[in-house]
Amino acid sequence: MLLPEGVLINGLTGEVSPDTGKYTKRLSELREVFQDRAELDRMVATEGDPVVYEVIEYKKEGSDLFFGTTTMEAGNVGGEYFMTRGHFHQRRDMGEVYYTQSGHGVLLLESRDGETRVVRMEPGVCAFIPPDWAHRSINVGTEKLVFVWVCNVEAGHDYGDILKRGMRKVVVDRDGADVIVDNPRYAA
Ligand SMILES: O=P(O)(O)OC[C@H]1O[C@H](O)[C@H](O)[C@@H](O)[C@@H]1O
Ligand SMILES: [Fe+2]
């Protein structure tokens, strides 16, 4: 029998206590994700391959739900803000919840038929990600972006389409403001 438990989450650092697993994504592992690969290579070589985000989870064998945090560093690659890979769920009938704790971000979503939506990620905003919308989070601020996510353990990740083609829109820095523009590399 699974037992109830209170899990302490630090909304400024993303620390989860207790946690059951974590991983870090560094810039060199996200080469397909960014437009300016020469600049990315330069940053990897000269800036010590910076951490872009860390995921910490709390998952109990036998449960239908799991949750955790994603903590995104501030930064950009040639003006394109640090972002997650982005994915659809393998299970097309399963959505997700993202509850922003600190920082400033953009949640970029794309439906199967190519509609784009944006939900601003600000502390206190709980984003509803409906089933079958691809989702990517982007740190557009100057501090860490920390959010709690809650998902069904069966949802799974489908990275294929997004890693291959990118999303239709990208979020870039223009004179300190975040703007959403067409992805120059997007190939339908
Ligand atoms: O897996 P990515 O698209 O790079 O996003 C990183 C992570 O972001 C959120 O925390 C999701 O809930 C995770 O399932 C996801 O893995
Ligand atoms: Fe997801």
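As the structure lists them, so they are numbered: ligands from 1, and atoms in each ligand from 1.
For the 3.5 Å distance criterion, the side chains of H135 and H87 qualify, holding a donor opposite an acceptor. Side chains of H157 and Q90: a donor-acceptor N/O pair is absent below 3.5 angstrom, by distance only.
In terms of modelled atom types and a separation under 3.5 Å, the side chain of N139 and the main chain of E73 share a donor-acceptor contact. With E80 contributing its side chain and V170 its backbone, the two residues share no donor-acceptor pair below 3.5 Å.
Heavy-atom minimum distance, S137 versus M121: CB-SD, 3.8 Å.
Here's the thing with T69: none of its N/O atoms is less than 3.5 angstrom from an N/O atom of ligand 1. Considering backbone and side-chain atoms together, G86 places an N or O closer than 3.5 Å to an N or O of ligand 1. Remark: ligand 1 and H135 share no N or O pair separated by less than 3.5 Å (distance only, no angle test).
Distances from the Fe ion (ligand 2) show that H89 has an N/O/S atom below 2.8 Å.
Distances from the Fe ion (ligand 2) to each N, O or S atom of H87 single out NE2 as the nearest.
Looking only at side-chain heavy atoms (C-beta outward), Y99 and V150 stay at 4.5 Å or farther from each other.
Neither the backbone nor the side chain of R136 has any atom closer than 4.0 Å to an atom of ligand 1 (non-hydrogen atoms only). In F66, neither the side chain nor the backbone holds a heavy atom less than 4.0 Å from any atom of ligand 1. Residue-level proximity to ligand 1 for E96 is carried by the side chain, the only part with a heavy atom below 4.0 angstrom.
The angle H135:NE2 - the Fe ion (ligand 2) - E96:OE1 amounts to 100°, with values rounded to 10 degrees.
Taking every non-hydrogen atom of W149 and a distance limit under 4.0 Å, the qualifying atoms of ligand 1 come out as 9 (C), 10 (O), 12 (O).
Between D49 atom CG and T46 atom OG1 the span is 10.5 Å, to the nearest 0.5 Å.
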